[in-house]
Colleague: 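Below is one structure. I have some questions about it.
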Amino acid sequence: MIQFKNVTLEYPVTRTLALDDLSLQVAKGEFVYLVGHSGAGKSSFMNLVLKRALPTRGEVRIAGEALTRYRGRRTALLRRRIGTVFQDNLLLDHLNAYDNVAFTLRVTGVPQREWAGRVTTALRTVGLEHKKYALPVQLSQGEQQRVAIARAIVADPPLLLADEPTGNLDPDHSREVLKVLQNVNLRGTTVIVATHARDLVETFRHRTLTLRKGRLVRDDPYGGYAL
Amino acid sequence: MTYHFRQALLSMRGNVTATFATLTTMTLTLLMLGFVLLLTLNVDRTLEQLESQVEVAAFLRPGTDGAALLTQVRSLPQVRGATLATSEQVLDEMTRDYPYARDAAQLAGNPFPDTLRLRVGRVEDSRTVAAAVSALPGVQDVEYGAGYVDQTVRTLTAVRGAGYALVGLLLLGTLFNILNAVRVAMYARRNEISVMRLLGATRGFIRMPHVIEGVLLGLAAAALALALLTPAYLGLASRVQLFAPVFPIVQDLPTLLPILGGVGLLGVLIGLAGSLFASRRYLRELE
Ligand SMILES: Nc1ncnc2c1ncn2[C@@H]1O[C@H](COP(=O)(O)OP(=O)(O)OP(=O)(O)O)[C@@H](O)[C@H]1O
Ligand SMILES: [Mg+2]
């Protein structure tokens, strides 16, 4: 599903080496943690998968095709197949939970008659069907994060990227979010979670990739936090 | 589509200043353009009419053989046609316009000489023809209308040139304002745009509300400009017709409609092109 071959990413202005000769593969249906200190390159990895950045050297392949082949309209189509839960892309605060989730369907041109069913299913998956008319300010941070997950999965993408999905959450809420992500994974979606939360990684064990200064220092198939 | 439309209206309401600035310059541009086009149309008409009327009159010395001179001037290449009016005929014409001329002639004798009237093809040629004719034996004096024609043509051409320059400047101002309006509007919904991009919206989808905004602004400016220009022009035209009927002011709708329609259409096109360009540039900057 995702293939990185000797990928180096150097941000042009600051010339920061965010990823350094990174090679890895993530197969369809996997649940993978991406761990590492702040600045290790976790978000940069996700940005490459989304084609928000292009590798300086090396090759990124998504679904068997080189990233550079996703041009113009195909970039949009690529992103439709990837659900994202990012901290810099929070919910739109003028829309309620339902409309935030439906926003995915709107921008990707799904016919309106399909919205109600799909949005309801997605909200049910994250356990928030009863809060569909609540605005983001009326939701707790954990609930907001779950709405963001619902928005990411409502179009049934084969891949879900979550960057610090439990960032500001207390342990209980973090667990809830992680359970939701596992459920999504059980339905066949490949899930990649970038996180600092050591306790979660050790509680819900999955393959764990450890980055340090942009290099892959550990790939542990059975999990465990090794920093 | 209703979604895009609503977004466009929302963004226009959210940025009243930018919207108003764009609307104003756009309306001014279209007004100025309409003015210049109508002026050009009328100048061309007037010139055409003048050209069909430009006449060089040669007054002959008493006793000159008018008929011989007539054949001579007819052979000049710039001369379209020539007639000979005897002093008696001229007096008759004058009597028609000024009934007292006959009485005056009876007292003082017919003051009008035999006159050759030449029609010249182009206004510019009248001076050459006048010079050539005045050199002929038997020609006492020559008169032609080129003096005031030259002056009028030069003035109108200058006004027209200045008008086009102003249209150019205003057009630049308009484009600048559209660019600014779209940028402000897109900046105001940058969060939404960034979410949209991540969710896989195409560029066209993201740009659509702003393109609609541009077209709506163009439509509004076109409507405003035409609503101001049409009555003003027709009013002015009827005034001119009343007080200076020599000017063939264009008033017939079949001629005016394409010009006014063109001005309106241009408004919409400017709005469309400006917002397409601006929104593309803004998205490019985000890459
Ligand atoms: N847009 C950018 N321009 C320049 N440098 C950047 C940019 N984004 C990230 N970096 C740099 O690249 C390196 C990797 O950043 P990245 O965001 O991938 O780290 P991270 O592992 O996600 O960190 P965190 O856990 O704090 O989110 C850091 O040194 C960072 O300063
Ligand atoms: Mg990060």
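Residue numbers begin at 1 in each chain, while the letters A, B, ... track the order of the sequences.
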Colleague: I'd like to know whether OH of A/Y11 has more than 12 heavy-atom contacts from other residues, nucleotides or ligands below 6.0 angstrom.
Modeller: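 Enclosed: over 12 neighbouring heavy atoms sit under 6.0 Å from OH of A/Y11.
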Colleague: Is it true that the side chains of A/N47 and A/S44 contain a donor and an acceptor less than 3.5 Å apart?
Modeller: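 No, because no side-chain N or O of A/N47 sits under 3.5 Å from a partner of the opposite role on A/S44.
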Colleague: What about A/F45 and A/F4, are their ring centers closer than 6.0 Å?
Modeller: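 Yes.
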Colleague: Taking the six-membered ring where the residue is Trp, are the ring centres of B/H4 and B/F205 under 6.0 Å apart?
Modeller: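 Centroid separation for B/H4 and B/F205: below 6.0 Å.
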Colleague: When you measure from the side chain of B/R190 to the backbone N and O of B/Y187, does any donor-acceptor pair fall under 3.5 Å?
Modeller: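 Side chain of B/R190 to backbone of B/Y187: a pair is present.
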Colleague: Can you confirm whether more than 12 heavy atoms, excluding those of A/R124, are under 6.0 Å from its CZ atom?
Modeller: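 Yes, enclosed.
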Colleague: Enumerate by number any residue of residues 71-78 of chain A whose heavy atoms lie under 4.5 Å from heavy atoms of chain B; in the absence of such residues, state 'none'.
Modeller: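 Interface residues of residues 71-78 of chain A: A/R73, A/A76.
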Colleague: Distance-only, no hydrogens or angles: does the B/N177 side chain make a donor-acceptor pair with backbone N or O of B/A18 under 3.5 Å?
Modeller: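 A pair under 3.5 Å: no.
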Colleague: Side chains of A/I149 and A/P165: closer than 4.5 Å at any heavy-atom pair?
Modeller: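 Side-chain contact under 4.5 Å: no.
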Colleague: If I measure from the heavy atoms of chain B, does A/R106 come under 4.5 Å with its side chain, its backbone, both, or neither?
Modeller: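 A/R106 touches chain B through backbone and side-chain heavy atoms alike.
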Colleague: Looking only at atom types and distance, does a side-chain atom of B/Y164 sit under 3.5 Å from a main-chain N or O of B/L33, one as donor and one as acceptor?
Modeller: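 Absent.
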Colleague: Specify the closest pair of heavy atoms between B/R189 and B/I206, including all atoms of both residues, with the distance to one decimal.
Modeller: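 Minimum heavy-atom separation between B/R189 and B/I206: NH2-O, 2.9 Å.
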Colleague: Could you list the donor-acceptor pairs under 3.5 angstrom formed between side-chain atoms of residues 262-278 of chain B and any protein atom two or more places apart in sequence or on another chain?
Modeller:
residue: B/S275; atom: OG; partner: B/G271; partner atom: O; Å: 2.8
residue: B/S275; atom: OG; partner: B/L272; partner atom: O; Å: 3.1

Colleague: Give me the contact list for residues 179-189 of chain A versus chain B, heavy atoms only, anything under 4.5 Å, ordered by residue number.
Modeller: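 Listed by number, there are no contacting residues, so the answer is none.
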Colleague: So does A/E59 pair up with A/R61, basic N to acidic O under 4.0 Å?
Modeller: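 A salt bridge is present here (some side-chain N lies under 4.0 Å from a carboxylate O).
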Colleague: My understanding is that only one of A/Q145, A/K42, A/H196 makes a side-chain hydrogen bond (donor to acceptor under 3.5 Å, both in side chains) with A/E164; could you say which?
Modeller: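 Exactly one option meets the side-chain hydrogen bond (donor to acceptor under 3.5 Å, both in side chains) with A/E164, and it is A/H196.
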Colleague: Taking only heavy atoms into account, what residues of residues 130-141 of chain A are found under 4.5 Å from chain B?
Modeller: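 The residues closer than 4.5 Å to chain B amount to none at all.
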